[in-house]
Amino acid sequence: MAKAPRRGPYICGIDAALDVVSGKWKGLILWELDAHPVRRFAALRRGLPGVSEKMLTQHLREMEEDGLVRRKVYAEVPPRVEYSLTEHGHTLNQALGPLGAWGAERVRREGSEVVEVAEAAPHG
């Protein structure tokens with residue numbers, strides 16, 4: 001069953017923004033595609049330890065519908081699909097930078113555990 005598109009009504013800008021990035025993996029997908037501008041599905045999945053194929057597929061579809069992610073399919077056998085951020089996705093990622101800095105400071109302050117990921121992005 002498909003969900004209705006997210007179009008509000010919204011109480012404020014934060015409400016509208018969180019509607020688009022809601023879900024555990026969306027912020028991390030933005031982060032991964034910012035660090036690696038073009039990614040195939042398997043590479044994205046390797047960069048996000050713990051994400052299931054189903055959840056990654058669902059989030060990528062939603063992010064494509066929201067205009068954050070571009071999906072390019074090549075007419076090859078087997079088919080090759082690449083994902084990248086749209087300009088809209090880049091601006092959202094930039095807007096999330098201060099939130100990432102806030103989270104990093106929280107991790108430092110509380111001594112929280114951090115998962116090491118190969119080829120980590122330079123921010124947040």
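- In this view, R40 satisfies the salt bridge (Lys or Arg N to Asp or Glu O under 4.0 Å) rule with no residue, not counting sequence neighbours.
- Rounding to the nearest 0.5 angstrom, the gap separating the CG atom in N93 from the CG atom in D34 is 4.5 Å.
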Query raised in the report: So K24 and M55, side chain to side chain contact (heavy atoms under 4.5 Å, CB included) or not? Walk me through it.
Result: CA-CA 10 Å; K24 176 177 180 177; M55 190 56 60; over 6 Å; no
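- Other residues sharing the hydrophobic cluster of V114, ordered by chain and number and joined by side-chain separations under 4.5 Å: V107.
- With contacts defined as side-chain heavy-atom distances shorter than 4.5 Å, the pair L56/W25 does not qualify.
- Distance check: W31 CH2 to H36 NE2 gives 7.0 Å after rounding to the nearest 0.5 Å.
- Within the structure, salt bridge (Lys or Arg N to Asp or Glu O under 4.0 Å) pairs that include any residue of residues 92-103 do not occur (at least two apart or interchain).
- Considering all non-hydrogen atoms of both residues, S84 and P37 come closest at CB-O, 3.1 Å.
- The cluster map of Ile, Leu, Val, Met, Phe, Trp and Tyr, joined by side-chain heavy atoms under 4.5 Å apart, puts I14 and L96 in the same cluster.
- Residues D15 and Y10 come closest through the heavy atom pair OD2-CA, 3.3 Å.
- Summarising the geometry of K26 relative to V20, their closest heavy-atom pair is CD-O, 3.4 Å, with the distance given to 0.1 Å.
- Residues V69 and L18 share a single hydrophobic cluster, defined by chaining ILVMFWY side chains whose heavy atoms lie under 4.5 Å apart.
- Sorted by first and then second residue, the pairs that involve residues 69-78 and meet salt bridge (Lys or Arg N to Asp or Glu O under 4.0 Å), not counting sequence neighbours, are E76-R80.
- Every residue two or more places apart in sequence or in another chain was checked for a side chain to side chain donor-acceptor pair (under 3.5 Å) with E64, and none qualifies.
- Clustering ILVMFWY residues whenever any of their side-chain heavy atoms sit less than 4.5 angstrom apart, transitively, puts L99 in the very cluster that holds L33.
- Taken to the nearest 0.5 Å, the CG atom of L85 stands 8.0 Å off from the CG atom of L68.
- Remark: L60 CG to L44 CG distance equals 6.0 Å, nearest 0.5 Å.
- Residues V21 and L30 have side chains in contact (heavy-atom distance under 4.5 Å, counting atoms from C-beta outward).
- Interatomic distance, Q58 CD to S52 OG, rounded to the nearest 0.5 Å: 8.5 Å.
- Partners of R45 according to the salt bridge (Lys or Arg N to Asp or Glu O under 4.0 Å) rule, which considers only residues two or more places apart in sequence or in another chain, are E53.
- Heavy atoms from other residues, nucleotides or ligands lying under 6.0 Å from CZ of R106 number 12 at most.
- E105 contributes atom CD, which lies 10.0 Å from atom CD of E110 (distance to the nearest 0.5 angstrom).
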